[in-house]
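Take a look at the structure set out below.
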Amino acid sequence: MTDMAEPAADTPPFRYTAGLAGEIEQRWQDRWEKWGTFHAPNPVGPLADPDHPRAGAEKLYVLDMFPYPSGAGLHVGHPLGYIGTDSYARYQRMAGRNVLHAMGFDAFGLPAEQYAVQTGTHPRTTTEANIERYRAQLRRLGMGHDDRRSVATIDVDFYRWTQWIFLQIFNSWYDDEARRARPISELIAEFESGIRAVPGGGTWAELSGPQRRVIVDDHRLAYVSEAPVNWCPGLGTVLANEEVTADGRSDRGNFPVFKRNLKQWKMRITAYGDRLLEDLDRLDWPEPIKLMQRNWIGRSVGAHIDFPVVPADVAPVRVFTTRPDTIFGATYVVLAPEHELVDQLVASAWPDGTKDAWTGGHANPRVAVEAYRKAAAAKTDVERQADTKEKTGVFVGAYATNPVTGAPIPIFIADYVLAGYGTGAIMAVPGQDERDWAFAEVFDLPIVRTVQPSAGFDGKAYTGDGPAINSTAPDGGLSLDGLAVTEAKARIIEWLETNGYGQGAVTFRLRDWLFSRQRYWGEPFPIVYDEAGTPIALPESMLPVELPEVEDFSPRTFDPNDAASNPETPLSRKADWVEVELDLGDGPKRYTRETNVMPQWAGSCWYELRYLDPTNETRFVDPDNEAYWMGPRGGNDPGGTDLYVGGAEHAVLHLLYARFWHKVLYDLGHVSSVEPFRKLFNQGMIQAYAYTDERERYVEAAEVVERDGSWFHGDNQVTREYGKMGKSLRNVVTPDDMCAAYGADTFRVYEMSMGPLEVSRPWETRAVVGSYRFLQRVWRALVDENSGASRVVESPADEPTRRLLHKTIDGVRADMDGIRFNTAIAKLIELTNGLTRLAGTPREVAEPLVLMLAPFAPHIAEELWQRLGHDTSLTYASFPVADPALLVADTVTYPVQINGKVRGRIEVPADATEETVRTAALAAIADQLAGKEPRKVIVVPNRMISIVT
RNA sequence: GCCCGGGUGGUGGAAAGGCAGACACGGCCGCCUUAAAAGCGGCUGCCGCAAGGCAUGCGGGUUCGACCCCCGCCCCGGGCACCA
């Protein structure tokens, strides 16, 4: 980087250079810190401050998605959103709001742990060092954060409340009638009093303690269950789905991953499916993100239908379908290979009528089912998905009865039916379902159309609407024929309910949330097990459960192909921690601690609440502080942060988990807001070019030059690719580089002026100089570069300059409110460019310009503000307001179009009548009409004149 | 395959249905300088000497007027993917 702005010896002594910028920036960052400039007053508690200039003002909570402090530090892409929120927050402070803007760290997580395993350095050491580095980098950028509110999820004072919230969730259940979570004690009270029927019948008093415990645990919102998870023996841990690659191996280490049933903690997020879906309508979020959440939740309306099976001692097969109207066309039933009824249903010999294709070539159904299950289990998820077109399955040798036709229909198992969705069983209707059609063709099963297809569906399933056909029961008691799909659905559900064959039902694609990890660097669970293995919640008084020190941070690893191995968590080896004697109210007893830790998402589920009251030792957040900063504003407003800015990569997981926790806290009365994030904004990504040489090695991107449309590294031509910034791609540019070369203000202005905040764009270092020149022009407009004297004059501005100023103020305000920072900066540049030809800059322009610049370039603005004679920070100075009288011009210039092309223009007084404008326009283009009479003349007031010939 | 979001100069991007290309980078010319850099000023969509013509992915349509609205394609980016 040889073109960095090194001031030459003959640079004017008072020019705004990177060196001067650095001095100014350091000075103001120190002052802001000393003065506590960005401290936002709370209504109550230690952060209350009645004397603050914004105490009692209208509040605004501006939030960033907090970062994971990685060892690599920040590159220029990371702060884009942070600069955006900081600019917005600074603007809103000047516009009179009490703005809360803070930054924390999502600091538990795998990279620090893996580094610890490799080097023996404690994850806390690494993580804290990284946090310090991030803090220094953010400070260097001039972030106006309230540093008293900075939290990290690894702080014991933070995670004790993460554990506390876990206990709230563990100790509650979802009341489907009330549609909200309630304390588990209320459930027990209802069972005791008989208000609520005890599952399985009988009375509560008749049940033993362990029996009661099973029923209660079945209701908890946090529960332990045996569930299929991604088990990676090579790493010794279970993995989240997103940590598994497309070919079924671990993202880190490339080890095989197996689906295993393991005892894990889960959270009953599915109970909130409906509310998570409905409340999206109350949020000011980008539609694509809402859509992704809707798809993820995947609500399907249909029916549960019970198909009696021929071995009458076996329970009926319950299926879920969205098309109960097509039941007359259900010619077979399919269960997921893992379905629990399969073992009971499977026959010992092939019954009469078994077609060859159904047996898979096996001698009897037991062998066939066994073989098919084995084959299905050996397939990775990806393999299962890869051959979605080739349908496989096997007949179990048993039949079900179609409840409406009374006909026996064969029961199959097939991997196109998923165990985890609906009931894990379907009624197959090949006439109206493409997958069932494909399966029916392979297995030679009957196809009955029950909806009249429109043209073009010969040889294909028809999934559209139309009148029902072939849908009359043999006894004539039920007929759907002629009904449209919607009516047919209603009619059949009524029939099913009347006759005891099923009922209307809603199913979600959303699954309960796997909440435990076999890792060290996470929040310990506040849970112990008694000698019976029952999980017991620790009382609040025993929080926090501190993460113990261990010698070995790594989970036990195994032969990568040893699918039968079992996880051994790092904490489980800490015997003197695991084994514990506690008095939980019934005398001292021995217990065993939970040795899993929480997933990295836990802390990010509620951190925005802790910013509100970071030092509170008695509550996770004081209700008055929460209500002030996040409470609903009436109407349909769900409350939450006023603005949440972050990347779209968190569209589903983080945002859904956080909404879920928040709703539980709301139900239990701990917060007044229904949603955590009222308005969401996805900033774009800063991407970069990377270059590879002929051997496909990356070369230093900064050294590549373009010649005649090709790129060269030295004399070698290289290939350009476009994507992320990364160390291995040798294309990283850091904010530190930019601050050294131009100063933080230039960097901030550049990032905000590159384009709309929500759009991804390529980084281009050589373009940064444009923002630098802009700030230099602003500086030069107010300060003489040679003498350092002020160039501000007290005489009034000339009329055009004054009008330009007020037009700028008006436009900039609108742009700031609309988060259109790029066009706001363009307007400020135009105003500045309009000042350069003046002999001196009038104060009436200089002051508003400096104030409008302050959100983007706060340091230079503070410095100039001080030079303008002010002795306090401009943080709480009023943002300029345009004079409406100066926004209307005296005259208007109209373009005159003939047949859609501009052929002339006229200038008329702003208050001219339409008739005057018309006459003037016709006069102006009379020669071009060549005497022809225009057919039509359209005058658009203040816009243009359109003439049609 | 399905569902979103996009395609505007050499580049990033501006344009309540109303003068397409604001602002910036780059490029060209000039000033300053012994010189270079920095800085400053001018020009810069394409074709054309010019008059003028052509231009917002492609093809239609609505409109006095379309980057913007409608229909059909093409391409790029993202999400989901046997969810019954």
Side-chain angles (χ1 to χ4, degrees), chain A residues 2-3 5-8 10-12 15 17 286-292 294-296 298-300 302 319-323 326 334 384-385 387-391 414-418 420-429 432-436 438-439 507-511 648-649 651-652 706 709 749-750 753-756 758-774 776-777 780 785 820 822-830 833 836-837 893-905 934-940 942-949:
Chain A
T2 49
D3 60 345
E6 280 299 311
D10 56 350
T11 299
R15 172 163 291 175
T17 59
E287 274 311 316
I289 302 292
K290 287 192 192 182
L291 193 67
M292 284 165 68
R294 286 191 189 105
N295 291 340
W296 188 266
R299 185 176 192 268
S300 288
V319 305
F320 174 74
T321 177
T322 57
R323 294 296 302 277
T326 63
V334 188
R384 267 174 92 142
Q385 285 160 21
D387 27 68
T388 50
K389 284 184 187 74
E390 292 162 42
K391 291 284 178 285
D415 65 2
Y416 85 96
V417 172
L418 308 175
Y421 183 73
T423 60
I426 62 160
M427 64 175 202
V429 188
Q432 276 74 231
D433 185 282
E434 286 159 13
R435 299 152 299 186
D436 296 345
F439 190 87
T507 286
F508 293 93
R509 209 190 71 122
L510 181 69
R511 310 293 157 84
E649 67 273 18
V652 176
E706 187 190 344
V749 168
Y750 177 64
S753 67
M754 289 167 82
E758 64 272 27
V759 173
S760 295
R761 73 297 301 267
W763 177 261
E764 203 180 357
T765 296
R766 69 176 184 182
V768 179
V769 72
S771 301
Y772 185 56
R773 288 178 190 147
F774 162 52
Q776 287 182 325
R777 288 199 295 278
R780 194 156 46 234
E785 289 188 324
R820 293 185 300 268
N822 55 324
T823 50
I825 290 171
K827 291 176 174 88
L828 293 176
I829 293 172
E830 280 184 271
N833 291 351
T836 54
R837 61 191 93 238
T893 304
Y894 279 93
V896 184
Q897 287 185 349
I898 303 173
N899 296 332
K901 292 219 183 299
V902 178
R903 297 297 178 182
R905 56 191 75 239
R935 286 199 292 134
K936 204 166 177 184
V937 179
I938 296 155
V939 177
V940 187
N942 291 311
R943 284 284 172 195
M944 62 161 7
I945 298 134
S946 184
I947 293 167
V948 191
T949 58

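A note on names: the letters A, B, ... follow the listed sequences, proteins ahead of strands, and every chain is numbered from 1.
Rounded to the nearest Å, the gap between the P atom of B:G21 and that of B:C70 is 25 Å. To the nearest whole angstrom, the two C1' atoms, one in B:G9 and one in B:A15, are 15 Å apart. Annotation: B:U56 and B:A20 have their C1' atoms spaced 7 Å apart (nearest Å). A gap of 43 Å separates the C1' atoms of B:C47 and B:C3, to the nearest Å. The separation of B:A66 from B:A84, taken at their C1' atoms, amounts to 45 Å, rounded to a whole angstrom. Between B:A51 and B:C4, the distance separating the two C1' atoms is 49 Å to the nearest Å. One P atom belongs to B:C80, the other to B:C71, and the distance between them is 28 Å to the nearest Å. Distance check on atom P: B:G57 versus B:C76 gives 16 Å, rounded to whole Å.
Contacts of A:T322 with the nucleic acid, taken as non-hydrogen atoms under 4.0 Å apart, involve only primed sugar atoms and P, OP1 or OP2. The residue A:V940 sits close to a base: some heavy atom pair falls under 4.0 Å. Looking at heavy-atom distances under 4.0 Å, A:E785 makes no contact with the nucleic acid at all. Here A:S771 lies out of heavy-atom contact (under 4.0 Å) with every strand. Counting any heavy atom pair closer than 4.0 Å across all strands shown, A:A767 reaches sugar-phosphate atoms only and no base atom. Nucleic acid contact for A:L291: sugar-phosphate only, since backbone atoms but no base atoms lie under 4.0 Å from a heavy atom of the residue. Note on A:M292: only backbone sugar-phosphate atoms sit closer than 4.0 angstrom, heavy atoms only; bases stay farther off. A:S760 comes within contact range of the sugar-phosphate backbone alone, with a heavy-atom separation under 4.0 Å but no base atom that close. Within the 4.0 angstrom heavy-atom criterion, only backbone atoms of the sugar-phosphate kind lie near A:E830; the bases stay farther away. Looking at heavy-atom distances under 4.0 Å, A:V334 makes no contact with the nucleic acid at all. When heavy atoms are screened at a 4.0 angstrom cut-off, A:R837 is found touching no nucleic acid atom at all.
At the phosphate of B:A24, OP1 or OP2 sits under 4.0 Å from a side-chain N or O atom of A:N833. The side chain of A:S946 contributes no N or O atom lying less than 4.0 Å from OP1 or OP2 of B:G18. Using a 4.0 Å cut-off, some side-chain N or O of A:R777 falls inside it from OP1 or OP2 of B:A24. In this model, the phosphate group of B:A81 is approached by a side-chain N or O of A:R509 to a distance below 4.0 Å at OP1 or OP2. Residue A:R773 has a polar side-chain atom (N or O) positioned under 4.0 Å from OP1 or OP2 of B:C25. Regarding contacts with the backbone of B:C40, a side-chain N or O of A:R780 is found under 4.0 angstrom from either OP1 or OP2.
If you take OH of A:Y894 and C1' of B:C19, they are 14 Å apart, rounded to a whole angstrom. When rounded to the nearest whole Å, the span between CD of A:E434 and P of B:G1 equals 13 Å.
Contact of A:K827 with B:C23 (side chain to base): no donor-acceptor pair of N or O atoms is detected under 3.5 Å.
Remark: the backbone N or O of A:S300 is not paired with any side-chain donor or acceptor of A:R509 at under 3.5 angstrom. Judged purely by atom type and a 3.5 angstrom limit, A:Y894 uses its side chain to pair as donor or acceptor with the backbone of A:N942.
Between atom OG1 of residue A:T823 and atom CG of residue A:L828 there is a gap of 10.0 Å, rounded to the nearest 0.5 Å.
For A:A428 against A:Y416, the heavy-atom pair with the smallest separation is CB-OH, 4.3 Å.
Remark: B:U63 base-pairs with no nucleotide in the shown strands. Criterion, Watson-Crick or G-U wobble with two distances under 3.5 Å. Remark: B:C80 base-pairs with B:G1; criterion is Watson-Crick or G-U wobble with both hydrogen-bond distances under 3.5 Å. Applying the Watson-Crick and G-U wobble criteria (two distances, each under 3.5 Å), B:C23 pairs with B:G12.
The side-chain heavy atoms of A:I426 and A:D436, taken from C-beta on, include a pair separated by under 4.5 Å. Looking at A:W763 and A:Y750, their side chains come closer than 4.5 Å, going by heavy atoms from C-beta outward.
Comparing A:G770 and A:P288 by the nucleotide of RNA chain B that holds the closest heavy atom to each, the one mapping nearer the 5' end is A:P288.
Taking the syn range as angles within 90° of 0, the glycosidic angle of B:G6 is outside it, so the base is anti.
For the pair A:K391 and A:F439, the NZ or CZ position fails the cation-pi test of under 6.0 Å to the six-membered ring centre and within 45 degrees of the ring normal.
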